[in-house]
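Working notes, beginning with the structure itself.
Letters A, B, ... are given to chains in the order of the sequence lines, protein chains preceding strands, and every chain is numbered from 1. Note: hydrogens, waters and symmetry copies are ignored here, and every other heavy atom, side chains too, is used.
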Protein chains: 2
Amino acid sequence: MGRWEPGTRGRLQDVAYDLFAKHGFDAVSVADIARGAEVTERTFYRYFADKREVLFDGQERLREAFVRGVTEAPSGTPPLGVVAVALDRAAVFFPDDRRDGSRARQLIIDADAALQERELLKLTTLSAALATALRERGHARLQADLLADAAISVFRVAFGQWISEGQQASLGDLQRAGLATLRALAS
Amino acid sequence: MGRWEPGTRGRLQDVAYDLFAKHGFDAVSVADIARGAEVTERTFYRYFADKREVLFDGQERLREAFVRGVTEAPSGTPPLGVVAVALDRAAVFFPDDRRDGSRARQLIIDADAALQERELLKLTTLSAALATALRERGHARLQADLLADAAISVFRVAFGQWISEGQQASLGDLQRAGLATLRALAS
């Protein structure tokens, strides 16, 4: 499983993912993770508020990347073009060397109902942030809400393809194909 | 608040909604609801598995309505046309005399993080059921997943408009406007 970040944070993540995958999320304690990473529990809490946050650590930066895409798309860019820029920014977070780690994370989440609900809330929060940014670009509320949902839908579906066994395409390419499919379906 | 169903079930729902709205979801017990409806707790449990299910009671029938729309749309109907039929079927569940009750329900859910997560899971379950039905109509998986998400997005956004203060339009009309907006955004 690829290490997501260097140093102690990355080691804690690696150990936590391994333990969650082996024993299930519920059966693993912060003490187990700290022991496996050869640090104190106190050190764990310097990096993460609780064990769930190991899995949702990058959420804030992903949200910022999405929103920056909307904010920085050149003025005059058509609506789905703005969505495309936001998706490209988000894809930067998931280079192919994170594919295995992302797949492992998804398996952990799929095995736990509470984590699934947390993941859905994450996607909804992303959509709401995108909708706000789209309104600030001048889109009416209805347009902004629908566009933001479409962006998150393309992200979610492409992400599922990206982490499926044997997939070779990059997340960016899968998102572009998804957006093209959505466009074709709507016309 | 409009009664959703006649008889004991409807009375239990009315009482539960009133109590949830007044005291918050967490502070209300099944005993409180049963007492308010002048039945025993045992009677409550004949209708609902727990107090949360009072709020999510119609989920199954809503899912069936959505899916039936996809199944029964005439062959040759274009993709967004199929979505339109499914949305029309779903709208039958929400005539305007359910608007006040639906708004009250939403306020209860918005006030409770766990209920919000449950509501998101409900929408995701609806989308998954729609995607399965769309695949059975012959759509490729990518198309089916994106179309299903688009349908649920239009439903969710239109539903939010439908229960907003002062709104006069029907859910069906709002959904049709949402779908037209989505189509315009994609072209």
Side-chain angles (χ1 to χ4, degrees), chain A residues 77-84 110 112-128 130-131 134 139-162 164 167 169 174-187, chain B residues 77-84 110 112-128 130-131 134 139-162 164 167 169 174-187:
Chain A
T77 307
L80 280 194
V82 176
V83 166
D110 289 348
D112 185 293
L115 292 177
Q116 282 170 49
E117 295 186 1
R118 178 69 174 71
E119 180 79 347
L120 290 175
L121 191 63
K122 181 182 106 175
L123 293 175
T124 304
T125 305
L126 282 175
S127 178
L130 270 179
L134 286 159
H139 283 289
R141 176 159 189 170
L142 176 60
Q143 289 189 339
D145 286 351
L146 293 170
L147 274 176
D149 276 0
I152 298 306
S153 171
V154 168
F155 169 71
R156 186 184 71 82
V157 171
F159 197 88
Q161 297 179 304
W162 183 63
S164 66
Q167 180 61 254
L174 292 165
Q175 288 185 150
R176 281 183 283 277
L179 205 52
T181 299
L182 189 61
R183 201 189 297 266
L185 286 167
S187 69
Chain B
T77 307
L80 281 195
V82 176
V83 166
D110 289 348
D112 185 292
L115 292 177
Q116 282 171 49
E117 295 187 0
R118 178 70 173 71
E119 180 80 348
L120 290 176
L121 190 64
K122 181 182 106 176
L123 294 175
T124 303
T125 306
L126 283 175
S127 178
L130 271 180
L134 286 159
H139 283 288
R141 175 159 187 170
L142 175 60
Q143 290 189 338
D145 286 351
L146 293 170
L147 274 176
D149 277 0
I152 298 306
S153 170
V154 169
F155 170 71
R156 186 183 71 82
V157 171
F159 196 88
Q161 297 179 303
W162 183 61
S164 65
Q167 179 61 254
L174 292 165
Q175 288 184 151
R176 281 183 283 276
L179 204 53
T181 299
L182 189 62
R183 200 188 298 266
L185 286 168
S187 70

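With a 4.5 Å cut-off on non-hydrogen atoms, V154(A) touches chain B through its backbone and its side chain both. For chain A, no part of R141(B) is nearby; none of its heavy atoms comes within less than 4.5 Å. S187(B) does not touch chain A: none of its heavy atoms, backbone or side chain, sits under 4.5 Å away.
In this structure, CD in Q167(B) is found 5.0 Å from OG in S164(B), a value given to the nearest 0.5 Å. We find the CG-CG distance between L142(A) and L147(A) to be 9.5 Å, quoted to the nearest 0.5 Å.
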Donor-acceptor contacts under 3.5 Å from residues 174-181 of chain A side chains, at least two apart:
unit_1	atom_1	unit_2	atom_2	d
Q175(A)	NE2	L87(A)	O	2.8
R176(A)	NH1	D88(A)	OD1	2.7
R176(A)	NH2	D173(A)	OD1	2.8
T181(A)	OG1	A177(A)	O	2.9

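Interface remark: of the candidates R183(B), Q161(B), Q143(B), H139(B), Q143(B) forms the most heavy-atom pairs closer than 4.5 Å to chain A. Of the listed residues (V157(A), D145(A), V83(A), L146(A)), the one with the most heavy-atom contacts under 4.5 Å to chain B is L146(A).
Looking at residues two or more places apart in sequence or on another chain, you find a salt bridge (charged side-chain N to carboxylate O under 4.0 Å, His left out) between E119(B) and R105(B), K122(B).
Contact check for L80(B) versus L185(A): no side-chain heavy atoms found under the 4.5 Å cut-off.
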